[in-house]
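Everything below concerns the one structure shown next.
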Amino acid sequence: TKLWSLLYGGGGTTPTPPPSTTPTSGSCGTSAYWNYDASTKTLTITGSGPVTSYNSPSEAPWSPYMTQIETLIVTEGISIVGSNTLKGATALKNVSLPASLLGIGASAFENCPAITYAYVDQPEGSLMIGTANTDLTDHLLYKATTTAPTTGTCGEALTWTYDPAT
């Protein structure tokens with residue numbers, strides 16, 4: 001109790017801990033940046049060029065939040081999601097990837113079993129995907145490469161027209 005009195009002024013109450021010093025944003029590549037919003041459990045990656053490849057998911061700057069992230073939004077301009085980027089993001093459910101994306105590194109989405117929706121804004125076959133990413137690829141939806149018809153026939157004497165403006 002004597003030490004307690006010296007450290008905390010003798011009041012005998014637990015002091016209020018300092019605010020968290022764990023960063024919620026920063027750099028994740030030469031021109032790529034990240035931001036984690038704890039209220040929405042969303043990791044957003046912005047900027048341009050590749051996201052760093054990590055030797056281990058614990059090297060990713062958002063690793064303190066890895067098991068809390070539910071949504072990943074990668075914005076237009078990012079070209080590569082590096083290796084081990086979200087490996088072990090066990091709560092990750094929704095993934096949105098831009099048209100600018102050229103590739104996904106090995107194990108970037110390994111051990112992400114909660115993914116139920118993943119969308120990439122480009123046609124199937126145009127994205128290079130490294131090994132150990134089946135948690136992502138099993139749910140990946142690609143941008144449609146064809147458009148739906150606006151006219152057609154239905155029977156011998158019937159036709160139909162769809163006007164998207166109305």
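Quick caveat, the model's predicted, so the values are computed rather than measured.
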* **Beyond-backbone contact of Lys93 with Ile115, side-chain heavy atoms, under 4.5 angstrom** => no
* Asked: OG1 of Thr116 to CD of Glu70: how many Å apart, nearest 0.5 Å?
  -> 10.0 Å
* Could you check if a side-chain atom of Leu141 sits within less than 4.5 angstrom of a side-chain atom of Val120, using non-hydrogen atoms only? => no
* To do: Side-chain contact test, heavy atoms from C-beta onward, threshold under 4.5 Å: evaluate it for Val74 versus Pro98 and give yes or no.
  => yes
* Does any N or O in the side chain of Ser53 come within less than 3.5 Å of the main-chain N or O of Gly82, such that one atom is a donor and the other an acceptor? -> no
* From Tyr36 OH over to Leu72 CG, what is the distance, rounded to the nearest 0.5 angstrom? -> 12.0 Å
* Hey, is the main chain of Ala38 close enough, under 3.5 Å, to the side chain of Gln68 for a donor-acceptor pair? -> no
* **4.5 Å side-chain heavy-atom contact, Tyr33 and Ile45** => no
* Report the distance from atom CG of Asp121 to atom OG of Ser96, rounding to the nearest 0.5 Å. => 8.0 Å
* To do: Give the ring-plane orientation class for Tyr54 versus Trp62, where under 30° counts as parallel, over 60° as perpendicular and anything between as tilted.
  => perpendicular
* Verify side-chain contact (heavy atoms from CB on, under 4.5 Å) between Thr44 and Thr75, making sure each step is shown before the conclusion. => CA-CA 8 Å; Thr44 304; Thr75 64; 4.2 Å; yes
* Answer yes or no: is there a donor N or O on one side and an acceptor on the other, between the side chain of Thr71 and the main chain of Thr42, under 3.5 Å? => no
* **Test item: Thr46 and Asn35 side chains (from C-beta on) under 4.5 Å apart, heavy atoms** => no
* **Listed partners of Ser107 passing side chain to side chain donor-acceptor pair (under 3.5 Å), at least two apart** => Glu110
* Asked: Distance from Glu59 atom CD to Thr85 atom OG1, nearest 0.5 Å?
  -> 11.0 Å
* Quick one: are Ile104 and Phe109 in side-chain contact, heavy atoms under 4.5 Å? -> yes
* Specify the closest pair of heavy atoms between Pro50 and Ala32, including all atoms of both residues, with the distance to one decimal. => O-CB, 3.9 Å
* Asked: When rounded to the nearest 0.5 angstrom, what is the spacing between CG in Leu43 and CD1 in Ile73?
  -> 9.0 Å
* Structure fact -> What one should report as the nearest heavy-atom pair of Ala108 and Val81 is CB-CG1, 4.2 Å
* To do: Determine whether Asn111 and Thr90 make a side-chain contact, defined as any pair of heavy atoms from C-beta on separated by less than 4.5 Å.
  => yes
* Structure fact -> Between Lys87 and the options Ser56, Pro57, Ser63, Ser58, the side chain to side chain contact (heavy atoms under 4.5 Å, CB included) test singles out Pro57
* **Heavy-atom closest contact (Met66 atom, Ala60 atom, distance)** => CE-CB, 4.3 Å
* In Å, rounded to the nearest 0.5 Å, how long is the span from CD1 of Ile69 to CG of Asn94? -> 12.5 Å
* **Heavy-atom pair of closest approach, residues Gln122 and Leu101** => NE2-O, 2.6 Å
* Is there a side-chain contact between Val95 and Leu136 (heavy atoms, below 4.5 Å)? -> yes
* Under 3.5 Å: donor-acceptor pair, side chain of Asp138, backbone of Asp135 -> no
* Which atom names give the shortest non-hydrogen contact between Pro61 and Cys28, and what distance separates them? -> CG-CB, 4.4 Å
* Nearest atoms (heavy-atom pairs only) where Ile78 meets Ser48 -> CD1-N, 3.9 Å
